[in-house]
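Structure first, commentary second.
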Amino acid sequence: RLDAAAVGRAEEAAALCKDAGDSAGQAQALTALAAAHVALGDGAAALTAVDAAASLCRGLADRRGEARALHIGVRAHALVGGAEGLEKATAMAKNALELSAATGDKRSEATALQVLAAMSLNAQGNLAEAMSSAERARALFLLVGDRRGQGLAS
């Protein structure tokens, strides 16, 4: 169970990594911090950590790490809500999809497609786009042997 103490531990880890000059570790800690904030329902704080983590990952040319941070950012934007939140979440999910595809991370790519399918259907009412994204996600989940993902994407 995630609680407020997780936020403190992630903040401490990020600070220690920064002091040690470990940008990769700092990015991972900031991604964990963002996830903790999302779990606690604080989308705005999560987005601050996501932006910092994604920026560090870009500086390190760590596309996988950046995609991980962006996946959490999508959830954070959903917490913030509103039309602007949806627009930013969609853009972030598309960016995560591009990064995942470029790195060959099929599971991450499938997750991004699954999120885009849900947003297309629930927020935009675009059934055709939702079905297309969901089918692509299901095929990728099948490819990586993720039965749960297949079921969720179906």
Side-chain angles (χ1 to χ4, degrees), residues 1-3 5-7 9-10 13-14 17 22-43 45-81 85-154:
R1 184 172 98 78
L2 203 59
D3 58 20
V7 169
R9 288 189 294 273
C17 289
D22 180 1
S23 296
Q26 184 183 2
Q28 289 177 341
L30 287 166
T31 300
L33 176 61
H37 281 304
V38 165
L40 294 171
D42 190 349
L47 287 171
T48 299
V50 164
D51 289 343
S55 178
L56 282 169
C57 288
R58 277 191 296 279
L60 295 166
D62 178 3
R63 292 178 172 180
R64 285 178 190 250
E66 185 179 356
R68 279 191 296 277
L70 294 179
H71 282 299
I72 295 167
V74 170
R75 293 175 26 218
H77 276 300
L79 281 173
V80 172
L86 174 62
E87 185 178 311
K88 289 181 178 182
T90 301
M92 200 169 267
K94 287 179 179 178
N95 193 2
L97 175 62
E98 290 172 10
L99 289 166
S100 299
T103 62
D105 187 341
K106 302 297 184 196
R107 186 179 309 275
S108 180
E109 188 177 351
T111 299
L113 284 164
Q114 185 177 21
V115 167
L116 286 168
M119 289 191 308
S120 294
L121 182 62
N122 298 326
Q124 300 165 349
N126 188 336
L127 181 60
E129 187 174 325
M131 289 179 64
S132 173
S133 293
E135 181 55 33
R136 289 173 55 203
R138 190 193 65 72
L140 287 170
F141 281 129
L142 176 66
L143 184 67
V144 298
D146 185 336
R147 300 186 110 200
R148 181 176 182 272
Q150 289 174 54
L152 292 172
S154 294

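These numbers come from the heavy atoms of this one structure, side chains and all, not from hydrogens, waters or symmetry mates.
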Go through the steps for S108 and H71 under the test side-chain hydrogen bond (donor to acceptor under 3.5 Å, both in side chains), then give the verdict. CA-CA 9 Å; S108 180; H71 282 299; 2.8 Å; yes

Reported CD-to-CG distance for the pair Q28 and L33, which is rounded to 0.5 angstrom: 13.5 Å

Is it the case that the side chain of S133 and the backbone of A130 share a donor-acceptor pair, with hydrogens and angles ignored and the cut-off at 3.5 Å? no

Residues S100, E109; criterion side-chain hydrogen bond (donor to acceptor under 3.5 Å, both in side chains); working and verdict: CA-CA 5 Å; S100 299; E109 188 177 351; over 6 Å; no

What distance separates L97 CG from D105 CG, expressed to the nearest 0.5 Å? 11.0 Å

H77 vs V74 side-chain heavy atoms within contact, under 4.5 Å: no

Only one of Q150, K106, R148, R147 passes side chain to side chain contact (heavy atoms under 4.5 Å, CB included) with F141, and that residue is Q150

State, yes or no, whether a side-chain contact exists between R9 and V7 at a heavy-atom distance under 4.5 Å. no

If you measure from the Lys or Arg side-chain nitrogens to the Asp or Glu carboxylate oxygens, is any gap between E66 and R63 under 4.0 Å? no

Can you measure from CZ (R107) to CG (D146) and round to the nearest 0.5 angstrom? 4.5 Å

Residues which pass salt bridge (charged side-chain N to carboxylate O under 4.0 Å, His left out) with R136, listed by chain and number, not counting sequence neighbours: none

Measure from the side-chain N and O atoms of T90 to the backbone N and O of L86, and report whether any donor-acceptor pair falls under 3.5 Å. yes

